[in-house]
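The shown structure was predicted, so the numbers you read here are calculated from the model rather than taken from an experiment. Every heavy atom of this structure was used, including side-chain atoms; hydrogens, water molecules and symmetry mates were not.
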Amino acid sequence: MNTETTATEATATETADIKAIELVVSTVERAQRAKDVEGFLALFHPDALWTTAHGKVLIGFDAIAEFTRAVLPAASWDGEVTYEAAHTQFLRPDVAAVKVRQVYHAPEGASEGSPLYVMTKQDDGRWLLHAGQNTEVRAE
């Protein structure tokens, strides 16, 4: 992993939080591959804001759930997708900006997305997706 923090050395808490954040990102990957709607939705904060790679803005869990339940089960693609937490920056101890490297590996070649997840740590220690913006990476 290429995850970094803003400090030179991460504290034990930051190290544990980074591992928990990486687990959320890997769960996004697993849920997308398996078309696991409920597993994907379990990662969201109730007040989440999500913008898809195609610019659709979804405000609140209900909107995210409605969209996901309609789109994810019917999604089709050749190949597979991978997600990697490429950079984690703690904005506060309970808020992290996470830059994700998302690669679609297809027979005709790979394409890439560059999501930014803002994640919040809950009172029970879980990290949830609170805001997300996905952007297609275009070759220049």
Distance in Å, [X] [atom1] paired with [Y] [atom2], rounded so as to fall on 0.5 Å steps:
| X | Y | atom1 | atom2 | answer |
| --- | --- | --- | --- | --- |
| E14 | T88 | CD | OG1 | 10.5 Å |
| L129 | L49 | CG | CG | 11.5 Å |
| W127 | T27 | CH2 | OG1 | 15.0 Å |
| K19 | L23 | NZ | CG | 11.5 Å |
| H105 | E112 | NE2 | CD | 9.0 Å |

Is there a path of hydrophobic side-chain contacts, each under 4.5 Å between heavy atoms of I/L/V/M/F/W/Y residues, joining [Y] to [X]?
| X | Y | answer |
| --- | --- | --- |
| L41 | V25 | yes |
| L128 | V37 | no |
| I59 | F40 | no |
| F67 | V28 | yes |

**Side chain proximity check, N134 to T52, heavy atoms < 4.5 angstrom** = no
**Item:** Test applied, side-chain hydrogen bond (donor to acceptor under 3.5 Å, both in side chains); reference residue, S114; option that passes from R101, E136, Q102, K99
**Value:**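 Among the candidates, only K99 passes.
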**Item:** Verdict with reasoning, R69 to E38, per side-chain contact (heavy atoms from CB on, under 4.5 Å)
**Value:** CA-CA 9 Å; R69 288 182 177 124; E38 299 310 315; 3.1 Å; yes
**Request:** Would you check if the side chain of E29 reaches a backbone N or O of Y83 as a donor-acceptor pair within less than 3.5 Å?
**Result:** yes
Any idea which heavy atoms bring [X] and [Y] closest together, and the distance?
| X | Y | value |
| --- | --- | --- |
| G39 | A31 | C-CB, 4.3 Å |
| T68 | P73 | O-CD, 3.4 Å |
| A96 | I21 | CB-CD1, 3.7 Å |

**Request:** Would you sort out whether R33 and T82 count as a side-chain contact (heavy atoms from CB on, under 4.5 Å), showing the intermediate values?
**Result:** CA-CA 9 Å; R33 285 182 174 197; T82 57; 3.4 Å; yes
**Asked** Would you say E66 has more than 12 foreign heavy atoms packed within less than 6.0 Å of its CD?
**Response**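 Open: at most 12 neighbouring heavy atoms sit under 6.0 Å from CD of E66.
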**Aromatic centroids of W50 and F44 separated by under 6.0 Å** = yes
Throw together a table of side-chain donor-acceptor distances under 3.5 angstrom for residues 116-126, partners on residues two or more places apart or in other chains.
residue: T120; atom: OG1; partner: Q122; partner atom: NE2; Å: 3.0
residue: T120; atom: OG1; partner: H130; partner atom: ND1; Å: 2.9
residue: K121; atom: NZ; partner: D17; partner atom: OD1; Å: 3.0
residue: K121; atom: NZ; partner: D17; partner atom: OD2; Å: 3.4
residue: Q122; atom: NE2; partner: T120; partner atom: O; Å: 2.9
residue: D124; atom: OD1; partner: R126; partner atom: N; Å: 3.0
residue: D124; atom: OD1; partner: R126; partner atom: NE; Å: 3.4
residue: D124; atom: OD2; partner: R126; partner atom: NE; Å: 2.8

